[in-house]
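Encoded as structure tokens, the structure appears first; notes follow it.
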Number of protein chains: 2
Amino acid sequence: MPTSGASTLQTARERFIAQWGALGSAWGINRTMAQIHALLLLSPEPRSTDEVMEALAISRGNANTNLRELVTCGLCRKVVRPGERREYFEAEKDVWQLFCTILRERKRREIDPTRTVLRDCADSTRGLRDAEGRAVHEQLKALADFVELAASLAERVAATEQSKIVPAMLRLLG
Amino acid sequence: MPTSGASTLQTARERFIAQWGALGSAWGINRTMAQIHALLLLSPEPRSTDEVMEALAISRGNANTNLRELVTCGLCRKVVRPGERREYFEAEKDVWQLFCTILRERKRREIDPTRTVLRDCADSTRGLRDAEGRAVHEQLKALADFVELAASLAERVAATEQSKIVPAMLRLLG
DNA sequence: CTATACTTTCATTTTGTTCCGAAAGTTCCG
DNA sequence: CGGAACTTTCGGAACAAAATGAAAGTATAG
């Protein structure tokens, strides 16, 4: 007996949504937000707030807040359909685009502030002459340099087309 | 009037600890754990539980739990000093080692489970014949492939010496 | 202008996390 | 043994984040 297509689809969708939510959670992102994103990633057509509410069993306020946030950070778009008042939302589907958006956002929120602090700290301890001061300065400098490298790399990667980068990655793997 | 070396050092240390804590927070890591790690990163000598408690103004239980966790995930080591009962802790200081440890840990906790789910979902939707089923399958497959690539890349990078990778990165940037 | 359909906001409740410190456990030494 | 020095565990207090749903706001059609 062949598996029902509808339930297969539904099961896969649910597993993916759950996992994407868990991943978001590990990244310090609101779980619901990640789940909405997952739902929209797998939706061939844009979805309305009400459809999102229904699919994930969440409240209107919750859905609204997180949809808005998804739009803000560039992972989703609002779609208006001619003649319809209701708003729809769709996710950016291209995986490389998605990756770049996430990369940029995380660089901005995580790497950049850290880089600033590390540079300041390394600078301010540069003049220290005692053993501990020197050791701390060296450690800070090593960290600062690394984060600096990470920042340039992230920026460069996020600005490159998939077709240019993926082969380079594969070469690195070879 | 020259700045006091001691307070300069103290200020830099505190800023760094605060920032590292914030970064940990964004990564879904216990803030205190990240702060302890920061403190140890900047400590030329290993520190005892009591020193950590005092420096960060945290309780014994809290310090103990998080130090243990840091050891578990390979970011710190327990150090026993001959003739002393008290335990000391030190962080891995080498920045590239540190990066690799974090990379491996995050791959294990974030990428691997996601990869499994994506593969399963992509497989189970392979047979679908209606428009929506096909679209969903394609999207899942694109995500699965990307995560697969990320996994190999992470593995490869974490297993490579700094001297081999950093030049390659810089070339990528050039 | 009004009724209606939809969106947004916000005070409140719910849920989840972190931290503390007391108590129990372990190890070591005389 | 016994007890001193230290480590680990654990229940719950304190805090932080997320979700709810009702109320307020806004646009549209008639």
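Treat the numbers as computed from the prediction; the structure is a model and nothing was measured. Lettering follows sequence order; numbering is per chain, from 1.
Listed candidates were C/dC6, D/dT7, D/dT20. Nearest to the side chain of A/S59 is D/dT20. Of the candidate nucleotides C/dC20, D/dT28, D/dA19, C/dC20 has the atom nearest to the side chain of B/I58.
Ring orientation note: the planes of B/H37 and B/W20 are tilted relative to one another, at an angle of 30° to 60°.
Rounded to an integer number of Å, the gap from A/L56 CG to D/dA18 P is 16 Å. Regarding B/R86, its CZ atom lies at a distance of 15 Å from the C1' atom of C/dC28, rounded to whole Å. In this structure, the CZ atom of B/R47 is 20 Å from the C1' atom of D/dC6, given to the nearest Å. B/R81 has its CZ atom 16 Å from the C1' atom of D/dC6, to the nearest Å. Counting to the nearest Å, the P atom of D/dT28 and the CD atom of A/E84 are 13 Å from each other. The interatomic distance linking A/E69 (CD) with D/dA17 (C1') rounds to 14 Å, in whole Å. As a whole-Å value, the separation of B/Q35 CD from C/dC19 C1' is 13 Å.
Ion pairing between A/R13 and B/E132 holds under the 4.0 Å rule for side-chain N and carboxylate O. Between B/D123 and B/R119, no side-chain nitrogen of the basic residue sits less than 4.0 Å from a carboxylate oxygen of the acidic one, so the salt-bridge criterion is not met. For the pair A/E51 and A/R86, the salt-bridge criterion is not met [side-chain N within less than 4.0 Å of a carboxylate O]. Comment: B/R134 does not engage B/E138 in a salt bridge, judged by the lack of any side-chain N to carboxylate O separation of less than 4.0 angstrom.
Looking only at atom types and distance, the side chain of B/W27 has a donor-acceptor partner in the side chain of A/E110 under 3.5 Å away.
Judged by the 6.0 Å and 45° rule, A/R47 forms no cation-pi pair with A/F89.
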Contact pattern, 5' to 3', of nucleotides 9-14 of chain C - B, S or - by protein heavy atom under 4.0 Å
B-----
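Contact record, A/A135 with B/P44: CB-CG, 3.8 Å, taken as the closest heavy-atom pair.
Although no hydrogens or angles enter the test, the distance criterion places a donor-acceptor pair under 3.5 Å between the side chain of A/Q139 and the main chain of B/K93.
A/R85 comes within contact range of at least one nucleobase, with a heavy-atom separation under 4.0 Å.
Within a heavy-atom distance below 4.0 Å of DNA chain D, the residues of residues 24-33 of chain A found are A/N30, A/T32.
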